[in-house]
Asker: 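Submitted below is the structure of interest, expressed as structure tokens.
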Amino acid sequence: MTSPVSGSDGAAGAGGGSRAFERLAEPVRRWIWRKGWTELRDIQERAIAVLMDGEADAILSAATAGGKTEAAFLPLLSSVIDRPGAGGFDLVYVGPLRALINDQFARLEDLCAETGLKVHPWHGDIAAGVKAKARRNPSGVLLITPESLEALFVLRGREVPTLFASTRAIVVDELHALLDSPRGVHMRSLLTRVEIAVGRRIRRIGLSATLGDMGLARAYLRPEHPESVELIQSRAEGQELRVQLRGYRAGGPNRPVVEPEEARDRGEGTPAPADLAARRAIGEHLFSKLRGSRNLVFAGSRQNVELYADLLRQLCEDRALPNEFFPHHASLSRDHRSFVEERLKAGRLPTTAICTSTLELGIDIGDIACVGQIGAPWSVASLRQRLGRSGRRAGQPAVLRMYATEAALDSGSHVADRLRLGLARAIAMIELLVEGWCEPPRAEALHLSTLTHQVLSVVAERGGASARRLYATLCDRGPFRRVDPPLFLRLLRRLGDPEVALLEQAPDGTLLLGREGERLVEHYSFYAVFHTLEEYRVVAQGKPLGTLPVSDVLVAGMTIVFSGRRWRIVTIHDRDKVIDVEPDKGGRPPPFGGDGGLVHDEVVRRMREVLAGSDQPIYLDAHAADLLGEARREFFRLGLRDRSIVDVGSGVMLLATWSGTTGNGALALALLQQGFRVANFQGLVEVSSQGETGADLRGALSEIAGGQGLLLSGEDGTLISEKFHHYLDNELLLADAVSSRLDTSELPAMVAELLGE
DNA sequence: GACCTGCTGCGGGCTG
């Protein structure tokens with residue numbers, strides 16, 4: 001048979017194409033031929049060269065649907081066909097989504113039909129009988145989620161060495177989405193535990209989108225030898241990017257008539273008419289530009305998804321057109337979500353999904369004409385991932401339409417509104433995106449919640465384990481490398497405390513599951529390491545206001561925005577999950593309050609540059625340009641070009657740190673400890689003295705600059721944000737928070753700079 | 001001013 005990739009038309013591209021193809025096993029080549037592929041992609045060519053030789057770990061990095069899966073499996077399957085294994089799964093694929101596993105199953109089954117190898121999908125939706133069959137007769141390719149692999153360790157720990165006895169590679173999909181998250185650390189711990197169970201190293205292949213710092217990704221894949229991880233990045237040409245950023249003034253020049261029905265329905269928690277006007281204008285623009293093609297619009301929250309989907313559907317109906325705009329988020333039924341996904345994938349009908357991050361990752365949904373983004377997202381990495389869904393066909397530009405809404409101003413407007421921080425962030429992110437920057441993976445945290453989970457899991461797997469063995473498995477060889485022996489011992493003592501009862505110790509020192517530990521491990525909810533958000537009830541003077549998910553550090557004294565109003569937290573009752581608040585005086589509720597995602601230092605630093613600068617970005621429409629002009633005049637008026645501490649009147653001071661969320665949050669907490677009232681914005685901390693005796697702000701800042709800033713006791717707030725945190729004591733919780741969510745290390749230097757020292 | 005992800009074993013009732 002003639003190789004389809006070595007034809008005389010030169011389709012094989014630059015050098016070696018046919019050589020790579022010829023190296024693949026015969027059934028694999030036949031499959032490629034049958035598929036009618038005219039060439040292998042660049043990343044596939046190079047992956048074949050690397051993966052057919054040697055045993056090196058590798059990261060294959062390319063945009064979504066860049067052919068990464070085939071790049072990994074064509075050579076890996078070839079090597080299994082050439083040298084069959086002696087029993088057990090030959091190859092393992094770990095994927096973070098069930099939908100992804102179903103998708104890969106269909107593709108690999110087709111490929112493996114030619115080869116005689118079996119493919120076993122394994123996740124929560126797969127029938128128990130199918131899994132039992134795979135367990136009794138393991139071979140070929142296993143496709144599994146991290147949670148199902150965890151369940152395998154807990155329930156069938158003794159079968160693990162047999163099941164993976166001849167596994168020659170583990171492929172980890174969507175590596176960029178896991179990294180230093182609890183789930184990523186969990187997955188890495190499982191990889192090590194498989195290796196320990198079979199008593200040898202197993203090759204690791206990571207599939208990833210392009211990251212800001214691929215070096216860190218290598219360290220995540222193989223912490224003990226990052227330098228040995230081969231990096232295979234797609235050389236595909238950077239595609240053309242077309243961007244427009246449109247500005248909207250809530251209640252400004254675009255103000256339409258408020259519809260009577262919407263006005264009637266307006267109550268607590270729904271937007272004010274001014275926001276409604278801007279939303280309607282954005283909706284009409286989306287309608288005019290997106291109708292008739294395939295698009296994704298990221299709306300930022302489930303509520304916004306519903307609002308915009310409803311608006312766009314209405315616009316279709318008004319014009320007697322069939323609807324082509326559909327909402328997509330996690331609270332919608334699976335049926336509805338698959339309907340939208342299938343319709344996008346099939347591509348026969350024009351379709352726009354208005355979505356949350358549900359459609360950021362996952363299965364291939366085909367060629368997208370345009371990506372809409374309402375408001376700036378939290379990270380440039382996420383923006384890049386979303387944009388990766390657009391314009392993938394050769395020669396097609398990627399199109400990004402961003403929409404920023406800013407408040408209408410009056411004499412009482414808050415300085416955060418006047419500085420147009422949302423617009424500034426959108427501009428900062430677009431510029432960083434164009435420059436090719438994106439957030440590096442965050443420095444490794446302690447992950448004490450996930451470590452607690454893995455301690456219980458290893459004890460369950462082996463029916464008991466010594467402290468030494470646990471440390472060797474999880475911290476020496478596993479991913480919890482920042483945990484030193486004294487800290488690990490402190491954690492074990494806490495877990496073994498009779499009141500906690502996760503562990504108990506046999507007379508010979510072996511650690512066994514305690515009463516509570518058994519209860520946890522026996523329930524299926526144990527297998528997932530990530531937290532499903534708990535809601536705290538918010539109560540104002542005995543009257544319930546609603547519920548609030550607590551996902552970040554909340555502390556008594558902080559100002560939050562809730563139910564459209566501004567409150568100060570009086571006390572937090574962790575056990576009863578109640579937050580007592582009282583109304584907070586002064587100003588209007590700021591648009592940026594409370595908690596949210598982590599915005600990186602570099603993004604906030606760039607926001608300052610945008611506000612301090614004078615260039616007019618060409619991708620702004622007239623309204624956005626106007627808004628930017630206003631923001632720059634305000635920046636200048638406040639003297640923020642030269643000053644970092646500004647008196648804005650009424651005893652309120654503005655500290656311009658221009659630091660990201662973790663640094664800004666640490667300063668806010670430190671000042672709170674010194675008796676100030678604090679509100680936290682992007683790059684800014686607003687401070688006022690409370691009580692009659694006005695505390696000395698500069699004096700307090702000098703103390704913080706001297707390193708005496710944080711005396712966190714944990715008594716006055718909640719540091720509980722992850723699934724197993726509530727078993728830990730304050731000391732452990734603080735260590736964990738400081739390692740991940742509160743950047744205290746930079747605090748003295750940051751404050752010294754504020755003071756101009 | 002977020003968003004997202006995952007899950008076993010067993011018994012009872014029903015169908016073919």
Side-chain angles (χ1 to χ4, degrees), chain A residues 94-101 122-132 135 144-156 173-174 177-179 181-184 186-187 190 271 275 298-305 328-332 334 337 354-363 373-379 381-383 385-386 404-405 407 416-417 421-422 425-426 453 457 460 520-533 548-552 559-564 566 589-599 661 665 679-682 723:
Chain A
V94 184
L97 305 176
R98 289 176 297 200
L100 217 46
I101 287 179
W122 188 310
H123 58 67
D125 294 341
I126 301 295
V130 174
K131 292 186 242 185
R135 245 178 59 225
I144 195 166
T145 60
E147 287 72 22
S148 285
L149 188 53
E150 169 70 40
L152 213 47
F153 271 105
V154 168
L155 299 169
R156 327 247 167 224
D173 203 358
E174 308 278 13
L178 298 169
L179 292 184
S181 67
R183 204 166 175 217
H186 182 203
M187 193 269 308
L190 293 168
D275 295 332
F298 292 92
S301 70
R302 282 178 243 185
Q303 192 190 18
N304 264 348
V305 164
H328 191 286
H329 60 71
S331 300
L332 294 171
R334 187 159 303 186
R337 289 164 68 181
I354 317 292
C355 58
T356 59
S357 49
T358 37
L359 285 180
E360 190 174 311
L361 276 189
I363 61 162
Q373 172 69 49
I374 299 172
W378 296 102
S379 71
S382 164
L383 188 58
Q385 179 77 19
R386 291 171 183 189
T405 304
D417 278 345
L421 294 177
R425 183 149 67 95
H453 177 261
S457 173
L520 284 185
V521 170
E522 276 169 14
H523 196 265
Y524 65 79
S525 61
F526 175 75
Y527 308 125
V529 80
F530 55 86
H531 190 46
T532 347
L533 273 188
L548 189 68
V550 176
S551 59
D552 208 335
T559 306
I560 59 163
V561 176
F562 186 72
S563 197
R566 194 165 173 181
F592 309 100
D595 56 273
L598 299 180
V599 178
T661 313
N680 197 353
F681 305 89
Q682 253 158 78
K723 191 172 173 186

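Proteins get letters first, then strands, A, B, ... in listed order; numbering begins at 1 in each. Worth saying up front: this structure is predicted, and the values here are computed from it rather than measured.
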Asker: Distance check needed: B:dC4 C1' versus A:Glu174 CD, whole Å only.
Answerer: 12 Å

Asker: Looking at CD1 of A:Ile374 and CG of A:Asn304, how far apart are the two atoms once the value is rounded to the nearest 0.5 Å?
Answerer: 6.5 Å

Asker: Counting C-beta onward and ignoring hydrogens, is there a side-chain heavy-atom pair between A:Glu360 and A:Cys355 closer than 4.5 Å?
Answerer: no

Asker: Rounded off to whole Å, could you give me the CD-to-P distance for the A:Gln373 and B:dA2 pair?
Answerer: 15 Å

Asker: Within a strict 4.5 Å, meaning less than it, do heavy atoms of the A:Phe526 and A:Glu150 side chains meet?
Answerer: yes

Asker: Taking atom P of B:dC4 as reference, at what distance in whole Å does atom CE of A:Met187 sit?
Answerer: 22 Å

Asker: Could you list all N or O pairs between the protein and nucleotides 6-12 of chain B that sit under 3.5 Å apart?
Answerer:
from, atom 1, to, atom 2, distance (Å)
B:dG6, OP1, A:Arg98, N, 2.6
B:dG6, OP2, A:Arg98, NH2, 3.2
B:dG6, O3', A:Thr145, OG1, 3.4
B:dC7, OP1, A:Gly124, N, 2.9
B:dC7, OP1, A:Thr145, OG1, 2.8
B:dC7, OP1, A:Ser148, OG, 2.9
B:dC7, OP2, A:Gly124, N, 3.1
B:dC7, O2, A:Tyr524, O, 2.5
B:dC7, O2, A:Ser525, N, 3.3
B:dT8, OP1, A:Ser148, OG, 3.4
B:dT8, OP2, A:Lys131, NZ, 3.1
B:dG9, OP1, A:Arg156, NH2, 2.4

Asker: What integer distance in Å separates A:Ile101:CD1 from B:dT5:P?
Answerer: 14 Å

Asker: Counting C-beta onward and ignoring hydrogens, is there a side-chain heavy-atom pair between A:Arg135 and A:Arg156 closer than 4.5 Å?
Answerer: yes

Asker: Could you say whether A:Thr358 or A:Ala376 is positioned toward the 5' end of DNA chain B, judged by the nucleotide with the nearest heavy atom to each?
Answerer: A:Ala376

Asker: Rounded to whole Å, how long is the line connecting atom CD of A:Gln385 with atom P of B:dA2?
Answerer: 22 Å

Asker: Can you check whether A:Val305's main-chain N or O pairs, donor with acceptor, with A:His328's side chain at less than 3.5 Å?
Answerer: no

Asker: Round to the nearest Å and state the distance from A:His328 atom NE2 to B:dC4 atom P.
Answerer: 10 Å

Asker: If you define the side chain from C-beta out and look only at heavy atoms, does anything of A:Phe530 sit under 4.5 Å from A:Glu147?
Answerer: yes

